[in-house]
2 protein chains.
Amino acid sequence: MAANAASVNVASVNVTSVDVAAEAGVSQATVARTFSSPHMVSEATRQRVHDAAQQLGYVPNAIARSLKSQRTNIVGAVVPAYGEYWQSVVTEFSRRLTERSRQLLLFSFSEADQVESMLRAVQQYRLDGLVLASAAIEYDQLSSMAATSMPLVAFNQPAAAGVVNSVSVDNELGMSEVADHVADLGCRSAVFVGGLSATSTDRVRFGAASARLQHHGIACRYVEAGAFSYEAGYKTGCHLAGDLVGSASDESERPDAVIVAGDELALGVVDGLKSYGVDVPGDVVLTGFDGLPQAAWDGYDLTTIVQPIPLLVAEAVDILLPSDTKLKNSTKPVERVVPGVLRPGRTTRP
Amino acid sequence: MAANAASVNVASVNVTSVDVAAEAGVSQATVARTFSSPHMVSEATRQRVHDAAQQLGYVPNAIARSLKSQRTNIVGAVVPAYGEYWQSVVTEFSRRLTERSRQLLLFSFSEADQVESMLRAVQQYRLDGLVLASAAIEYDQLSSMAATSMPLVAFNQPAAAGVVNSVSVDNELGMSEVADHVADLGCRSAVFVGGLSATSTDRVRFGAASARLQHHGIACRYVEAGAFSYEAGYKTGCHLAGDLVGSASDESERPDAVIVAGDELALGVVDGLKSYGVDVPGDVVLTGFDGLPQAAWDGYDLTTIVQPIPLLVAEAVDILLPSDTKLKNSTKPVERVVPGVLRPGRTTRP
DNA sequence: TGATTGTATGTATACGTAGTCATTTTCGTC
DNA sequence: GACGAAAATGACTACGTATACATACAATCA
């Protein structure tokens with residue numbers, strides 16, 4: 001009847017393992033063990049402790065646990081704030097980490113110059129691992145992070161391979177397949193639309209595409225959109241439209257293939273071209289790279305290289321949290337390269 | 001010349017404020033102050049401490065800091081793993097929190113039954129605040145979290161309003177505008193495509209739309225897609241196609257408007273309809289809700305209600321981290337409702 | 001029965017910092 | 001030059017937990 005007879009108190013003040021110990025008539029150590037290594041506690045006391053904890057509304061303090069155990073169960077990720085691709089990567093990381101009882105601490109930046117201070121913040125939290133997913137990270141920042149004891153993995157950041165652990169889609173292979181595909185269609189001249197030429201991803205993809213195209217005797221010009229966004233692609237598409245159907249340029253030199261460095265960018269280019277009356281794939285064929293869900297949507301059905309994001313992420317997580325007993329303490333950085341898969345779509349099909 | 005004369009040592013072992021204190025010839029307290037409240041330290045010692053820290057590769061330990069100060073500088077977010085909408089919300093939260101020197105700890109779930117255990121994990125970290133962004137959270141889970149001392153805010157979760165602090169777009173207003181818009185176009189019969197009828201968002205949006213439509217003398221049937229995804233929308237679009245152009249149904253009862261509960265879903269419906277030869281907006285007009293970037297893309301140009309996500313997020317963050325001195329310790333939960341804006345697109349334009 | 005092993009629990013300490021209080025130094029002022 | 005206030009610093013402790021070590025107790029075996 002009395003109001004204070006509530007069976008479950010909510011923690012009005014901070015309830016600690018000491019309080020629970022007193023309530024259960026055991027030592028603090030036993031309470032700690034009950035929650036962190038239950039198998040070391042007898043069935044009977046475990047029950048008593050749980051009851052007492054329930055009674056008092058006790059929840060173990062992860063901060064204190066981390067301080068003592070030197071493990072946070074948290075993995076950090078430094079990722080660009082914008083872009084469909086990065087959003088799906090973050091989502092997949094979070095999902096995967098949850099599966100392995102870890103959480104994701106997100107450090108997202110919109111400007112490259114934020115990365116520096118962000119990395120400093122990262123180091124304050126003693127994370128169990130860190131994903132670096134930005135092409136904007138400088139080499140010396142990378143190596144300075146590598147010197148930390150924090151497990152690191154660079155995600156889709158070609159320039160980082162060899163310096164730190166890295167996981168990446170096979171850009172060379174992917175772009176080669178694209179080039180072959182385009183050559184098979186009988187194209188004679190191509191334009192490569194890049195996002196930011198300063199990023200290693202951009203350089204590597206253009207390099208691979210143009211090399212393979214050249215092997216087929218196809219020239220390939222580079223155009224920089226300025227970002228990997230839809231908007232940047234749209235603008236570029238509008239600019240390109242003139243070159244592609246304009247009567248000014250020589251028919252024989254007129255590009256008949258547009259190879260775009262990323263899907264979001266590609267979707268913008270498609271729409272930009274269409275807005276100027278350029279028909280895809282009628283006037284030009286067009287390809288993307290990444291395999292975003294949106295690229296597969298019926299409205300676009302873009303020909304692209306599908307990155308196996310779940311696989312890439314799984315690899316990255318495995319590097320950070322080696323599950324196997326074979327904990328790799330090798331001095332060499334791990335380097336995993338995973339192939340993507342060409343998904344032909346309407347943008348290259350007559 | 002000696003190898004140990006390196007100007008910046010990297011932390012091979014854990015360097016603490018005590019080590020720095022010894023190196024700089026000051027007390028540990030002074031080192032702590034140098035990093036957490038520099039203004040309490042003289043210019044000269046500050047410099048000495050910084051030099052020593054640099055020398056030893058010292059980085060303050062945020063875990064220990066949090067344990068002592070009872071503040072983590074981390075805000076948590078419990079969010080559905082999938083869906084374009086949630087991805088943009090998470091991105092915006094992260095951006096906003098970074099601006100205010102906080103980090104985002106992400107708890108994303110793909111199944112509703114994961115939420116329970118996730119909330120328990122949340123409580124272990126003594127977060128500075130928590131965003132609850134899932135319609136799948138049960139009422140008693142909500143109130144049990146509310147009993148915690150952790151600041152809470154429910155994001156776009158109509159059912160939570162009044163129980164805990166909440167921020168939401170104005171679903172009623174938005175759907176009313178949609179209904180008016182559709183009525184203006186002269187539509188006579190509508191179909192509402194919902195995602196999951198179990199979610200309060202779905203119920204509220206359907207309720208508002210059908211009420212307002214009825215006011216215009218327009219009937220509105222409810223169809224459940226089963227999810228808020230593109231795929232679910234696509235399937236529903238395919239199913240609907242028969243009703244919309246089939247010769248079986250009476251011409252006068254044939255729906256001429258499809259009102260969809262969310263943009264991603266709507267884009268799927270559009271493509272599903274198109275795949276069966278239904279012309280949008282020729283045969284039916286169609287509207288979405290959310291204002292996703294993709295909905296504005298030229299390929300779709302969906303008529304929709306644009307949620308001011310930056311504003312919604314800013315409100316939510318302000319509730320969790322009251323910047324003003326007027327820290328609201330009112331006992332009543334805060335409830336903010338922010339209007340969206342109708343963006344007419346090609347899907348309702350002849 | 002006594003020696004031995006293993007399991008369950010208690011005691012005590014350390015994780016690295018922030019903040020309280022006391023003490024020292026600095027500095028402006030009459 | 002003395003005095004008081006303010007600034008700067010130091011000594012100490014607490015935050016809440018995990019774990020090494022010691023201890024108690026039950027179970028096994030010769």
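Chain identifiers are assigned alphabetically (A, B, ...) following the order of the sequence lines, protein sequences preceding nucleic acid strands; residue numbering begins at 1 within each chain.
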Taking side-chain contact (heavy atoms from CB on, under 4.5 Å) as the test, write out the residues that go with [X], two or more places apart.
X      : result
A:S37  : A:R33, A:H39, A:M40
A:A121 : A:F107, B:Q103
A:A314 : A:R96

Of all pairs that satisfy side-chain hydrogen bond (donor to acceptor under 3.5 Å, both in side chains), the ones with a partner from residues 15-24 of chain A, not counting sequence neighbours: A:S17-A:Q28
Helical bend (five base pairs per end, nearest 10°) for the helix from C:dT1-D:dA30 to C:dC30-D:dG1: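 Comparing the first five pairs with the last five, the axes sit 30° apart.
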Interatomic distance, A:N73 atom CG to A:R102 atom CZ [nearest 0.5 angstrom]: 5.0 Å
Distance in Å, A:F109 CZ paired with A:Y82 OH, rounded so as to fall on 0.5 Å steps: 12.0 Å
Test: A:D318 and A:R100 ion pair at under 4.0 Å: yes
Sequence-aligned protein contact record of nucleotides 15-23 of chain C, with B where the base is within under 4.0 Å of a protein heavy atom and S where only the sugar-phosphate is: BBBBBB---
Where chain A begins and ends its contact with DNA chain D, read 5' to 3' at 4.0 Å from heavy atoms: D:dG16 to D:dA20
Contact residues, residues 38-46 of chain B to DNA chain C [heavy atom, < 4.0 Å]: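 None, since no heavy atom is under 4.0 Å.
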With sequence neighbours excluded, residues passing salt bridge (Lys or Arg N to Asp or Glu O under 4.0 Å) with B:E335: none
Residue pairs, two or more places apart or on separate chains, that pass ring-ring contact (aromatic ring centres under 6.0 Å, His included) and touch residues 15-37 of chain A: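 Passing the test, one end in residues 15-37 of chain A: A:F35-A:H50, A:F35-A:Y58.
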Residues forming a side-chain hydrogen bond (donor to acceptor under 3.5 Å, both in side chains) with B:E92, sequence neighbours excluded: B:R95
For A:S168, all residues meeting side-chain hydrogen bond (donor to acceptor under 3.5 Å, both in side chains), sequence neighbours excluded: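 Partners of A:S168 under the side-chain hydrogen bond (donor to acceptor under 3.5 Å, both in side chains) test: A:N156.
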Residue pair B:L104 / B:A77: nearest heavy atoms and the distance that separates them: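 What the structure gives for the nearest pair is CD1-CB, 3.7 Å.
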Under 4.0 angstrom between A:T30 side-chain N/O and C:dT9 OP1 or OP2: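 So the side-chain polar atoms of A:T30 never come under 4.0 Å of the phosphate oxygens OP1 or OP2 of C:dT9.
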